[in-house]
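Throughout, protein chains are lettered first and strands after them, A, B, ... in sequence-line order, and every chain is numbered starting at 1.
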Number of protein chains: 2
Amino acid sequence: MQNTPITLKFLAEKLKMSVSTVSKALNNYPTINEYTKKRVQEMARDLHFTPNKSAINLKERKSRIIGIILPNLLDYFFTRSIYGVEQFAMKNGYNVIISQSHDELEKEIQLADMLLKSRVDGLIVAISKNTQDFSHLDQFENMGIPVVYYTRNPSFNLSCHKVLGNTFQGCYQATKFLINRGHQKIAYLGGPKMINFTHDRFNGYINALKDNQVPFQAELVAYTDFDKENTVSAIQNLFKDSENMPTALVAFKEPILFDAIKYLKSIHHPKFDEIECIGFGNTPFISYLDSPPIASIEENPESVGENAIKLLLQLINREIELQDYQKIMVDCQLVVH
Amino acid sequence: MQNTPITLKFLAEKLKMSVSTVSKALNNYPTINEYTKKRVQEMARDLHFTPNKSAINLKERKSRIIGIILPNLLDYFFTRSIYGVEQFAMKNGYNVIISQSHDELEKEIQLADMLLKSRVDGLIVAISKNTQDFSHLDQFENMGIPVVYYTRNPSFNLSCHKVLGNTFQGCYQATKFLINRGHQKIAYLGGPKMINFTHDRFNGYINALKDNQVPFQAELVAYTDFDKENTVSAIQNLFKDSENMPTALVAFKEPILFDAIKYLKSIHHPKFDEIECIGFGNTPFISYLDSPPIASIEENPESVGENAIKLLLQLINREIELQDYQKIMVDCQLVVH
DNA sequence: TATAGCATTTCAAACGTTTGAAATAATTGA
DNA sequence: TCAATTATTTCAAACGTTTGAAATGCTATA
């Protein structure tokens, strides 16, 4: 049953015409007679002709491969974002190579080199938390291969394409929501300072306070990274002053928020039941928590991913100039549980 | 800076020799003079020559693409398994197309057709919970394209390649662990009956009981699918007889176990604190639960994925005959929390 | 009836590799 | 010194497409 795949040549022989006529008919060239086109297209359909991608790619000097570098697939944001990317890429005849940097710069550099060797047509990247030098990524642009930064990006650098969640707006909404519920002492637990959006979120928090006449207190702000001990000590700091305890908390990421909640519960914080929390993520595990956050900030990762691949394909096809740097924002929603 | 990629032809011109000599030197042909080889290989290295995959694939009539069909990337088992697959595939020059069936047969059929059209060199698949007819997957084998079933597979069918967790052994261990802790009334909450390993796990449970002289009671067994209401009613069933309440529970999957725990807690089950649970998965969220399972069954998804791709590559390279059906088991470990 | 003009089809080269056969060069033995 | 042998290199076709240029066939006009 080992049937050889149908080629243009095979169709041409069957139809007693030349390979180029068949090719042009299938690609709807205006110089080809309408009746001929119909005959060719029907035959192609009947025999389930599928053009050989390798041949086309060779001819067009493309690989039709998109590279993705992201920190970690076990993070729901990234897993979900991949979905948006793959769907759209596939629809447009592109394949995707997903690679994980494990949030390490060195690994990220390795992966970049590997993808460059694979001759990807474009790159989508969420940088590691330690990435400050970008030469391993700049080399793509230098070779005319477009790069789109998504979510995590070099915030100081305006000369690159970016797709990101409107994390300012998300944090603003969450803070405002808590203010409207009567909270005046709202703590903010930020992420690694190296990650750009940590600051956008902080600004959303600050602005919500200001716009609603809630005084800002520096003691109510702390930072952590993805490390549990760090989170615990940050929380200890936020809650150390018994006179001035926060009654609400906005955290930069849900698993970290869960660590915080767990800690507060473990020390039998006297007013634990009154504390209201919100984190970024909207992860499905919330429903299993005994003391779930009152709301979540939904970041729409699928949409972020889809916007990134859309932009990248436009750059690949030179529908947008490589130097015409774009910045796309995807709004967040507050989901009340 | 738009530099054209280095080709064999370019190297040949630089070295003043023919393209075929260069090609053969790089591929270490014995007929090529050692000194020539050295010169070519050095030049190739210095100029960062990377062979054009499309050209090789065209020549070798391969796509170097592996297709994967799985139910859902948001399931930690599958996300983790992907990691094993991608790593190994990449190392061997293969790309991977990941596609999600969302546990729907119809979507699975669509994806299979899509992947067939993409001319994948091989397929790794975890079937949907409703897949009973396999014609959409059989067509691959009929065309000489190997298929490896992983985790979820047609258990009744011996004529296919399988890689799966030793879910019998995992469940046996978990049950035995609970027996050793003094439990005599251990409930078993199984998954969808259509999924093959539901029964393997059940057998592990049964055998552990038997081997340790614990009487089997049919009332202590219930089944659910991934639906929350279903789980709740299964749990209600298991705990309905106040005379004969289980004191321990083995569940086929962790998120479902979490649903069960949540329900038992919500009804203020009198002996809730004494009930000990174990589920498959070992998901990281366990640490956030107030009443976590006492242990987890680690299924080593990365290893399952890696074994699947290893087998598939052997089949693609015909190191193993297509008809020489393999079955590979990956052991589980009990992780006590 | 030749010919300009158009519609349609075909030719042929190219994309970058691989590889068996053929050609060439170097070495050996008589 | 010359043929035979062996080592090494090159030729040329192939993989399946695309595409500008060239060729063909046809119609209409002078």
Side-chain angles (χ1 to χ4, degrees), chain A residues 2-41 43-44 47-65 93 117-121 144 317, chain B residues 2-41 43-44 47-65 93-94 117-121 143-144 317:
Chain A
Q2 186 77 268
N3 43 2
T4 45
I6 314 289
T7 65
L8 286 187
K9 195 171 147 196
F10 184 82
L11 289 182
E13 277 162 12
K14 269 240 171 247
L15 289 158
K16 296 192 202 315
M17 46 178 90
S18 77
V19 172
S20 30
T21 308
V22 176
S23 170
K24 287 175 178 171
L26 290 173
N27 290 306
N28 213 25
Y29 268 52
T31 69
I32 302 293
N33 183 287
E34 284 305 321
Y35 177 62
T36 310
K37 278 186 196 171
K38 216 182 111 197
R39 283 211 307 145
V40 172
Q41 282 160 6
M43 172 84 33
L47 279 98
H48 303 106
F49 166 75
T50 323
N52 183 313
K53 276 264 184 65
S54 301
I56 296 176
N57 295 344
L58 175 61
K59 192 83 233 294
E60 298 191 339
R61 294 149 161 270
K62 287 178 125 195
S63 66
R64 293 203 167 252
I65 297 175
K117 274 203 180 167
S118 301
R119 288 217 174 82
V120 294
D121 290 340
N317 298 328
Chain B
Q2 186 75 268
N3 44 3
T4 45
I6 314 290
T7 65
L8 285 187
K9 195 171 146 196
F10 183 83
L11 289 181
E13 277 162 14
K14 269 239 168 248
L15 290 158
K16 296 193 201 316
M17 45 177 90
S18 77
V19 172
S20 31
T21 309
V22 176
S23 170
K24 286 175 178 170
L26 290 173
N27 290 307
N28 213 25
Y29 267 54
T31 68
I32 301 294
N33 181 287
E34 284 305 320
Y35 176 64
T36 310
K37 277 186 196 171
K38 216 183 109 196
R39 284 211 306 144
V40 172
Q41 281 160 6
M43 172 81 37
L47 292 160
H48 302 107
F49 167 75
T50 321
N52 183 313
K53 276 264 184 64
S54 301
I56 296 176
N57 295 345
L58 174 60
K59 189 85 234 293
E60 298 191 339
R61 294 151 161 270
K62 288 178 124 193
S63 66
R64 295 206 165 249
I65 296 175
Y94 280 80
K117 274 203 178 169
S118 301
R119 288 216 174 79
V120 294
D121 290 339
M143 297 184 66
N317 299 327

**Minimum-distance nucleotide to A:Val19 side chain [options: C:dC15, D:dT17, C:dC11]** =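 The closest nucleotide is D:dT17.
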**Asked** From C:dT8, D:dT18, D:dT10, pick the nucleotide closest to the side chain of A:Thr31?
**Response**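 Per side-chain heavy atoms of A:Thr31, the pick is C:dT8.
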Taking only side-chain N and O atoms of [X], does any of them lie within less than 4.0 angstrom of OP1 or OP2 on [N]?
X: B:Arg61; N: C:dT18; answer: no
X: A:Ser18; N: C:dT9; answer: no
X: A:Asn33; N: C:dT8; answer: yes
X: A:Thr7; N: D:dG16; answer: no
X: A:Asn27; N: D:dT18; answer: yes
X: B:Ser23; N: C:dT18; answer: yes

**Message:** Once you apply a heavy-atom cut-off of 4.0 Å, does A:Phe10 come out as touching a base, just sugar-phosphate, or nothing?
**Reply:**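 No contact.
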**Request:** Please determine, by modelled atom types, if B:Asn57 and B:Ser63 share a side-chain donor-acceptor pair under 3.5 angstrom.
**Result:**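 Not at all, the side chains of B:Asn57 and B:Ser63 share no donor-acceptor pair under 3.5 Å.
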**Asked** B:Glu34 or B:Ala55: which one's nearest nucleotide on DNA chain D is closer to the 5' end?
**Response**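 Upstream on the strand: B:Glu34.
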**Base of C:dG20 paired with side chain of B:Lys24 (donor-acceptor, under 3.5 Å)** =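 When only heavy-atom distances are counted, B:Lys24 does reach the base of C:dG20 through a donor-acceptor pair under 3.5 Å.
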**Prompt:** Is there a donor and acceptor pair closer than 3.5 Å between the side chain of A:Lys59 and the base of D:dT18?
**Reply:**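 Under the 3.5 Å cut-off, the side chain and the base do form a donor-acceptor pair.
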**Message:** How close do B:Lys62 and A:Ser54 get, counting heavy atoms only, and between which atoms?
**Reply:**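 Looking at all heavy atoms of both residues, the shortest contact is O-OG, 3.8 Å.
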**Between D:dT19 (C1') and A:Leu26 (CG): distance, integer Å** =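 So the two atoms are 15 Å apart, to the nearest Å.
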**Prompt:** Do B:Val40 and B:Met17 come close enough that some side-chain heavy atom pair is under 4.5 Å?
**Reply:**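 Side chain of B:Val40 against side chain of B:Met17, heavy atoms only: contact under 4.5 Å found.
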**Message:** Tell me the bend of the helix from C:dT1-D:dA30 to C:dA30-D:dT1 as the angle between end helix axes, each from five pairs, rounded to the nearest 10 degrees.
**Reply:**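 The angle separating the two end axes equals 80°.
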